[in-house]
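So that the names make sense, note that chain A is the first sequence line, chain B the second, and so on, each numbered from 1.
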Number of protein chains: 4
Amino acid sequence: MAAPKRGQILNAALGLFEAKGYGGTAVPEIAQAAGVAVGTIYRYFPTKEALVRALLADCQTRFEADVLAPVPPTATPRATFRLYWRRMAQFARSFPVAYRFLDLHDHAAYRDPSAAPQGEALTAALRDLVARGRREGAMKALDPTLVMALLRGALAGLARHASPDGVLPPARVEEMEDCLWNAVAARG
Amino acid sequence: MAAPKRGQILNAALGLFEAKGYGGTAVPEIAQAAGVAVGTIYRYFPTKEALVRALLADCQTRFEADVLAPVPPTATPRATFRLYWRRMAQFARSFPVAYRFLDLHDHAAYRDPSAAPQGEALTAALRDLVARGRREGAMKALDPTLVMALLRGALAGLARHASPDGVLPPARVEEMEDCLWNAVAARG
Amino acid sequence: MAAPKRGQILNAALGLFEAKGYGGTAVPEIAQAAGVAVGTIYRYFPTKEALVRALLADCQTRFEADVLAPVPPTATPRATFRLYWRRMAQFARSFPVAYRFLDLHDHAAYRDPSAAPQGEALTAALRDLVARGRREGAMKALDPTLVMALLRGALAGLARHASPDGVLPPARVEEMEDCLWNAVAARG
Amino acid sequence: MAAPKRGQILNAALGLFEAKGYGGTAVPEIAQAAGVAVGTIYRYFPTKEALVRALLADCQTRFEADVLAPVPPTATPRATFRLYWRRMAQFARSFPVAYRFLDLHDHAAYRDPSAAPQGEALTAALRDLVARGRREGAMKALDPTLVMALLRGALAGLARHASPDGVLPPARVEEMEDCLWNAVAARG
DNA sequence: GATGAATGAGGCTTCATTCAT
DNA sequence: GATGAATGAAGCCTCATTCAT
């Protein structure tokens, strides 16, 4: 199995970055939380910045992997839409720290400019969904980036503005899903 | 009129915080950008943190003031909804730096925990809107925080995921408004 | 008068670098010896390396200025040669720390590669001396760099190999001068 | 024969110390250059400092051994003097790295204070040479340490101030030898 | 004997804050 | 009120050394 210390470090860093921000977290703090020596961190990451970047990439990858898991081929656009939304919400509920880290922090500051713009894959999936939904008369003709903005924005908004203690209330998640579908559905 | 240096300092700080983050901006840097001496900053703000907080409060206040400007009493719920959305988008387009700063930092570690949770006033306004919309059969019965989440989330999503160069495209803004109304409207 | 702290810092650094080497001297140590705070050093020198470089340049400049002070126009080549040598030795005796620092560090890895190769001016002066000495039949036709190597080398050798406690014994200095003139004089 | 790794380590260390200085060279770097693991170095040398010291001793020993190889008993003082000088220059040309390491680096910092002062044996040889040269009327009555200073200093001066690319030009070496003999010879 | 991952003291440097002018 | 030189705590990172394999 891969070096376990690397994982410990990433884990500890995630928790601290989410709680106190990148600039507010000292490397020795991470080391202590991870149960390793300071120097050990530098065996795995050349730089504090490289560490956040790796973390960011990790979280994004996992988020996309979760959301874009295979969809039953028989699923209607309506069902597919709901699936995507629920998976996004599920991720946010299962890994609240990782989700908030992804959503809330000022990643621009340490984002690798050469990295692929985040959400590429999700946008592509939405493009397919919209195309098919439209062909079948179920959805409006919307730009996929707008749908993306709507979904991610609504989830983030929920997490920020409608979650006591940062926990997404399942009822709200379902209520929101209903609203969102109406937002993109072809008007009956 | 109030000391002009205070404004210069807040302005310079806003630009730098947005561009480089709070932790990435040094106080002397702010002083230079503001055209004042370092010590002067400490005449107006006891602490760097107090400076961000003041900035944050400023931006929030201005945002809410803009959005919650008087609404014609004759406006229908539909028109009021549109007005709110357009004003939010207008703020984001007029003061992109302030808007991004708000979006990225409103959750941040250095927020005053005792401060009133942001968006209080806007939530109240939405509560009224929903109540009236519902009475008139135009809107669904939704929790106002959910509507808040939807509006702010969608705007942030648009700014993040659908804005080349960070500029909100007016067409997208209108397209989104249409979607959002469908999200909250009573089904015909 | 110029910032006195700069001088204090250079002085303290000179003593420590000479005694313990560049790598063996910590910046806080320099600060303490100079009677200033660590941060103050960085107001005057952007880097520890910039500090050595400034020090090196300072010492070199002073050394050359001392040695190349005006020579009486009536001085014979013999007298001029003696004058140069005595001034070099005088510098080494008056500023032993600076002299040893120069001797040990002029080649060091942290020298500014773009800096003028040291000894430029002294070599030029020796070129003139040799030319005139030769015209007057007093000196051999030698390459000035060789004379330079001989003078500087002999002085350094004296300081290293023939100085109890690092103090140049005046008798040895004079004895050496006699030898050196024989080394370069035209054979009678 | 002795462990070959020891030699590899010393060799690698010599090259790196000469190029980057003692303080500028990391032990893992030496290990890599030597093709051994870090820990291995500590099998042969208890400490980084012990390593330099061993290196220094090695180089000095070899230098003295080369220079003080047997001299034909029939050799005149003139011939002996020339032999010593040529051997010194030969060493500097054959092992430029070792020579520069010996000459240029700030060994005082890590020199074993209890070690015999370097050059003991060479000084003794020069004492004999001077004594005999004087008896035979060929040389002046000079302190042997002065002769030592003159020879080593002149060679170092040549290497530093008259060697393009650090290579001693044979012509200069011979020219210098002539000068040096005049410096110490009894005046005819 | 050899290895190299792990350690943590300590080095260089930054930067929020103070205070004498 | 304004200034900016000075401060020193604290941050990031390096590297000599150890030790389990």
Query - Main-chain N/O of D:Ala57 paired with D:Thr61 side-chain donor or acceptor, under 3.5 Å - result: yes

Query - Nearest-Å distance for atom pair CG/C1', residues B:Leu16 and E:dC15 - result: 15 Å

Query raised in the report: E:dG4, E:dG8, F:dG8: which one has an atom nearest the side-chain heavy atoms of C:Ala37?
Result: F:dG8

Query raised in the report: When the nearest nucleotide of DNA chain F is assigned to C:Gly35 and to A:Gly23 on a heavy-atom basis, which residue is associated with the more 5' position?
Result: C:Gly35

Query - Separation of atom NZ in C:Lys5 from atom P in F:dG4, rounded to whole Å - result: 18 Å

Query - Between F:dC15 (C1') and A:Ile41 (CD1): distance, integer Å - result: 16 Å

Query raised in the report: Hey, does C:Phe17 have a side-chain heavy atom less than 4.5 Å from the side chain of C:Val97?
Result: no

Query - Nucleotide forming a Watson-Crick or wobble pair with E:dT7, both distances under 3.5 Å - result: F:dA16

Can you tabulate the close N/O pairs, meaning under 3.5 Å, that link protein atoms to atoms of nucleotides 17-21 of chain E?
from, atom 1, to, atom 2, distance (Å)
E:dT17, OP2, B:Tyr42, OH, 3.1
E:dT17, OP2, B:Lys48, N, 2.9

Requested in this report: Quick one: look up who E:dT21 pairs with, Watson-Crick or G-U, both distances under 3.5 Å, and put none if it's unpaired.
Outcome: F:dA2

Query - Side chain proximity check, D:Phe45 to D:Arg6, heavy atoms < 4.5 angstrom - result: yes

Query raised in the report: When you measure from the side chain of C:Val36, which nucleotide among E:dC12, F:dT7, F:dC12 comes out closest?
Result: F:dT7

Query raised in the report: Can you check whether C:Ile30 reaches C:Leu51 side chain to side chain, under 4.5 Å on heavy atoms?
Result: yes

Requested in this report: Check the distance between E:dT13's C1' and C:Tyr44's OH and give it to me in whole angstrom.
Outcome: 18 Å

Query raised in the report: Over how many whole Å does the gap from C:Gln32 atom CD to E:dC12 atom P extend?
Result: 14 Å

Query raised in the report: Just how far, in rounded Å, is C1' of F:dC15 from CG of D:Leu51?
Result: 15 Å

Query - Ring-face cation contact, B:Tyr42 with B:Lys48, 6.0 Å cut, 45° max - result: no

Requested in this report: Assess the pair A:Phe95 and A:Phe91: is the distance between their ring centroids shorter than 6.0 Å?
Outcome: yes

Report summary line: Paired to F:dG11 by Watson-Crick or G-U wobble criteria (both distances under 3.5 Å) is E:dC12

Query raised in the report: Do the charged groups of B:Asp103 and B:Arg152 touch, with an N to O distance under 4.0 Å?
Result: no

Query raised in the report: Could you state the CD1-C1' distance from D:Ile30 to E:dG4, rounded to the nearest angstrom?
Result: 16 Å

Query raised in the report: Rounded to whole angstrom units, what separation is found between the CZ atom of B:Arg6 and the P atom of F:dA2?
Result: 13 Å

